Amino acid sequence: MADKKLLLIDGNSVAFRAFYALYRQLENFRNPEGLHTNAIYTFKNMLDVVLNDVEPDHVLVAFDAGKTTFRNKMYADYKGGRQKTPSELSEQLPYIQELLHDLGLSTYELDNYEADDIIGTFVTIGEKEGFKVTVVTGDKDLTQLASPQTTVMVTKSGVLNLEAYTPEHMKKVNGVTPTEFIDMKALMGDNSDNYPGVTKIGPKKASQLIQEYGTVENLYDHVDDMKPSKMKENLINDKDKALLGKKLATIDRHAPLTIGIDDVKRRPIDYQKLRRFYEKMNFRKFLSELNPDGESQPQDQSEKANAKAVAFTELKENDINNFAITDGQTITFYLGMLGANYHLAKFVGFALKIDQKIFVSRNVDLLKEAKLKSMLEDKQITKNVFDLKRTTVGLNRLGIHARGIDYDMLLASYLINNENNSDDMGEICRMYGDNSVKSDYDVYGKGKSVHIPEDDQVLFNHLAGKIAAIENLKETLLAKLKEHEQDDLYANIEIPVARVLSVMEINGIKVQANTLTELQDEFAVDLKKMEQQIYHEAGEEFNINSPKQLGHILFEKMGLKPIKKTKTGYSTSVDVLNQLKDENPIIEQILTYRQIAKIQSTYVNGLLDVIQKDGRVHTRYLQTLTATGRLSSVDPNLQNIPTRTEEGKQIRKAFVPSEPDGYIFSCDYSQIELRVLAQVSGDEQMQEAFRTGYDIHAHTAMRIFHLKSTDDVTPLMRRRAKAVNFGIVYGISDYGLSKNLNIGRKKAKEFIDNYFEQYPQVKEYMNKAVQVAREKGYAETIMHRRRYLPDIHAKNYNVRSFAERTAINSPIQGSAADIIKIAMINMQKKLDDMHLKTKMVVQVHDELIFDVPKDELETIKKIVPEVMQSAVRLDIPLVADSGYGHNWFDAK
DNA sequence: TATCTCACG
DNA sequence: ACGTACGTGAGATAA
């Protein structure tokens, strides 16, 4: 017979993980009474997985009883300095216990003891009684309980990804046995429990020492025999700390529990109570799982109450003539399309609100009726929408030139908080506590099963509900914008730039298919040749595009040195291959093969696939995606067309002007991010350099290498200085710079130190940026664009450091994005005012591309740089360089 | 769907 | 002691 199984869960630590796993969703998980439910929800998900996996007969979820335990008697500061549990989590703990009881699972807590000790004691009992024991926790400390009978599952990321610690796995990870792990911790201490361990001893050293000496006690018996070293001194000096650490780290396996193994046997689930619990918590997913047989599917009470059905009328042709709409009135409009790519997506229907009445229809052709069309095109009739650009492009396909859209719910919510970053109206509504709108994927399905609901009620409710939500949340969102001082950013940058982008997307850019197919043939021949050579060198045929197969060939069959590993095997990235170049000629061939294969598949084939019937590609600029305020470009991405290699650049020859004798004109900002840095830091030296018009990288080289003149700067020096300049913008580290420049870390640090000496205010800016982010919880651009940085307070060094670098970089990258957006708005206005036929067609972060008729070239040459350079007034000049030619390749 | 790799600023 | 440059999108492979 199989062993009996005992499952022990560390309630507090798992709840803690559960809470932070869905921390970003915190405000989305609230029941109607306002209780946060994210941790409860995630805890249940974890339970499902673990119960299913372990199939235990006995289960105990242990909780910490109170603040102080017997460990505080040994060491008053035990767990001192720990931030207290956020109230959003502690309010959920009683409900987690309630849920566990409804599920027939036992919970237990004991005064003066931690959950760890309860679990440790039950492990002892369970092992004695012949149970197979599984422990689930978020705390690595409990791995000391691992044994042949006991496996300790520790959450890795979130709560569903668990790492199983058996004694063998312990050995692999820490190099020590579970019992030795206690001694190891005694030496290295524990920051989160706030006890120090021995000075200058971390996991690595501690593991080595314990592997040699077995226990802390044995180590001190032999400490005098160790050869003199700083470490030996530290060990002797900190002996007390080590011995105390051992006591604190040891889990009590004989705590005076008042329950036994029979008390934790699983009881039947109380379905009635469970259903009431899920209803109270508004857990629709779990509720629907309660009735797999489908009989009387429980109606979600709270949702019903929340979703006051919105009244609407199906629009008929005759109604249109009865519309009485006058200038200055506002209507709310929503155009439904199936799928993300609104250039091609199927129309689902529309909804609009006029005169307090909501109309809906599946038939978008009704919009072309003269009265409706002129309303939508009337600038004096203002419109509320969700996604101005999508709506404008969609209407354009119906021959309607939308005007007067001056409120965009999507843009507003993106500016207010782009952390969760959804473009689904249902999700956005829920962020603001409005549960009335379903997500599009709930209504239309996702993946293969996307379809328009046949039931009129379902579709019309959805569309009408959106109209109501746009109006209901408008005041809230506008108030938030004001509170954030973002009204200007919203009204004078994002809304106008959305209009400009609509024009650009609708115009598209002409791409010559035959140029691409010619390249396709050339590359195909080259690839075939290289393939054969590589197979020959390797001695067998394999898939060069498979990192797995390539890794096998290079590092196992050919015995090359694996320089870097990835999660799944050997890394074969450019970095690695470049370092192996001299080992074998196959490396060079693989690099070239990869480069060409990339260009062939992504650019040649990729672009050919997206050329529309009009001979153009119509990208979509995602305006509400990036964390920094930049645009991104998809279907196709026009912001990463190759420019760095000769073969890659050929792709640009396919991008041509509308008219055969016309021009592609390109104009890009020179060093815009560094100029922004000079501006926001106010650094005198750097500003002076820009005002004088120096080559900034050469100038930096001169300064950090202590030269008298830029004439003494060698190309190598300039290259290095350039890397430092870039590094600064990214929130530099000596490690990152050393890797980038292939130099020692020490040398990299020297460069950085020199840099900060020469540009002291840049250093100040960086410190201040981090400090401000810590105080406010977000970083901000010149135009008040925000990026929230909750991780700036993270305990984990890496997570926190990342947030700190982000705090430095975001205002720089974001302000540059603000500036080019302003330039685009001014540029489009200029083109319109001057009635030019020239079209602005592409934006690549610091660069604008134009499709110019022959006779407008001279005008464009003059006005584009002017407009870009005068987008904003800074303490230093903005500079824009331009070029032109009969295709994008020649426009450098 | 996740992972790796590589294209851009 | 640890592991790190900032921001993106797309294709191919392998699960």
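Just so it is clear: chains get the letters A, B, ... in the order the sequence lines come, proteins before strands, and each one is counted from 1. Below, all heavy atoms of this structure are taken into account, side chains as well, without hydrogens, waters or symmetry copies. Just so you know, these numbers come straight off a predicted model, no measurement behind them.
Nearest to the side-chain atoms of A/Ala627 among the listed nucleotides B/dC4, C/dA5, C/dG7 stands C/dG7. Each of C/dG9, B/dG9, C/dA5 was ranked by its minimum atom distance to the side chain of A/Ser632; first place goes to C/dG9. The side chain of A/Asn798 sits closest to C/dG3 out of C/dC6, C/dG7, C/dG3. You'll find that the side chain of A/Tyr735 is closest to C/dT4, out of C/dG9, B/dT3, C/dT4. Ranking C/dG7, B/dT5, C/dG3 by closeness to the A/Thr566 side chain, first place goes to B/dT5. Looking at the side chain of A/Ser573, the nearest of the listed nucleotides C/dC6, B/dA7, B/dT5 is B/dT5. In this structure, of B/dA7, C/dA5, C/dT4, it is C/dA5 that holds the atom nearest to the side chain of A/Ala723. Side-chain atoms of A/Asn637 lie closest to C/dA10 of the nucleotides C/dA5, C/dA10, B/dG9. For A/Thr628, the side-chain atoms get nearest to C/dG7 when compared with the rest of B/dA7, B/dG9, C/dG7. Distance from the side chain of A/Arg787 is smallest for C/dC6 among the nucleotides C/dG9, C/dA5, C/dC6.
In this structure, A/Ile599 places its CD1 atom 16 Å from C1' of C/dA12, rounding to the nearest Å. Per the geometry, CD belonging to A/Gln843 stands 17 Å off P belonging to C/dG7, to the nearest Å. Between A/Trp888 atom CH2 and B/dG9 atom P there is a gap of 9 Å when expressed in whole angstrom units. Across the protein-nucleic acid pair, A/Leu677 atom CG and C/dG7 atom P stand 16 Å apart, rounded to whole Å. In this structure, the CD atom of A/Glu804 is 14 Å from the C1' atom of C/dA5, given to the nearest Å. Per the geometry, CD1 belonging to A/Ile596 stands 18 Å off P belonging to C/dG11, to the nearest Å. Distance A/Asp575 CG to B/dC4 P: 14 Å, rounded to the nearest Å. Taking atom CG of A/Asp846 as the reference point, atom P of C/dG7 lies 17 Å away to the nearest angstrom.
Within a 6.0 Å radius of NZ in A/Lys557, other residues, nucleotides and ligands contribute more than 12 heavy atoms. The number of heavy atoms from other shown groups lying within 6.0 Å of NZ (A/Lys205) does not exceed 12.
Note on A/Arg594: a side-chain N or O is less than 4.0 Å away from OP1 or OP2 of B/dC6. Contact annotation: A/Thr572 side-chain N/O to B/dT5 OP1/OP2 distance is under 4.0 Å. The phosphate of B/dG9 has OP1 or OP2 within less than 4.0 Å of a side-chain N or O from A/Arg644. Distances shown here put every side-chain N or O of A/Ser733 at or beyond 4.0 Å from the OP1 or OP2 atom of C/dG3. Here A/Arg805 does not reach the OP1 or OP2 of C/dT4: none of its side-chain N or O atoms lies under 4.0 Å away.
Heavy-atom minimum distance, A/Asn798 versus A/Asn796: N-OD1, 2.8 Å.
Between A/Asp609 and A/Ser810, it is A/Ser810 whose nearest contact on DNA chain C lies nearer the 5' terminus. When the nearest nucleotides of DNA chain C are assigned to A/Pro636 and A/Gly731 by heavy-atom distance, the more 5′-ward of the two goes with A/Gly731.
Distance check on atom P: C/dA5 versus B/dC4 gives 14 Å, rounded to whole Å. Rounded to whole Å, the P atom of B/dT3 lies 16 Å from the corresponding atom of C/dT4. Comparing C/dG3 with B/dC8, their P atoms sit 31 Å apart, to the nearest whole Å.
Ring geometry for A/Trp888 versus A/Phe655: interplanar angle over 60°, hence perpendicular rather than tilted (30 to 60°).
With both pairing distances under 3.5 Å, C/dT8 is matched to B/dA7 as a Watson-Crick or G-U wobble pair.
The line from CD1 of A/Ile672 to OG of A/Ser815 is 9.5 Å long, rounded to the nearest 0.5 Å.
Residue A/Asn605 is classed as having no contact, given no heavy-atom separation below 4.0 Å to the nucleic acid. A/Gln595 comes within contact range of the sugar-phosphate backbone alone, with a heavy-atom separation under 4.0 Å but no base atom that close. Residue A/Val844 is in sugar-phosphate contact alone, with no base atom involved, counting any heavy-atom pair closer than 4.0 Å across all strands shown. When heavy atoms are screened at a 4.0 angstrom cut-off, A/Leu622 is found touching the sugar-phosphate backbone but no base atom. Within the nucleic acid shown, A/Leu625 comes within 4.0 Å of sugar-phosphate atoms alone, with no base atom in reach, counting heavy atoms only. Across all strands shown, A/Phe726 has no heavy atoms under 4.0 Å from either base or sugar-phosphate atoms. Within the nucleic acid shown, A/Asp668 has no heavy atom closer than 4.0 Å to any nucleic acid atom.
Between A/Tyr755 and A/Phe751, the distance separating the two ring centers is not shorter than 6.0 angstrom.
Side-chain atoms of A/Tyr797 and base atoms of C/dG3 include a donor and an acceptor less than 3.5 Å apart. A/Asn545 contributes no side-chain N or O that forms a donor-acceptor pair with the base of C/dA12 under 3.5 Å.
At least one donor-acceptor pair under 3.5 Å links the side chain of A/His343 to the backbone N or O of A/Thr619.
When A/Lys747, A/Lys739, A/Lys749, A/Arg745 are each tested for a salt bridge (charged side-chain N to carboxylate O under 4.0 Å, His left out) with A/Asp734, only one passes: A/Arg745. None of A/Glu847, A/Met868, A/Gln869 except one satisfies the side chain to side chain contact (heavy atoms under 4.5 Å, CB included) rule with A/Cys667; the exception is A/Met868.
Considering only heavy atoms from C-beta on, A/Lys821 comes within 4.5 Å of A/Glu494 through its side chain. Side chains of A/Glu804 and A/Ile808 form no contact here, defined as non-hydrogen atoms less than 4.5 Å apart.
Of the residues in residues 740-748 of chain A, none lies under 4.0 Å from DNA chain B by heavy-atom distance. Residues from residues 546-557 of chain A that place a heavy atom under 4.0 Å from any atom of DNA chain C, listed by number: A/Ser546, A/Lys548, A/Gln549.
Using a 4.0 Å cut-off between charged side-chain N and carboxylate O, A/Arg787 and A/Glu780 make no salt bridge. At a threshold of 4.0 Å, the pair A/Glu505-A/Lys389 counts as salt-bridged, since one of the basic side-chain nitrogens sits closer than that to a carboxylate oxygen.
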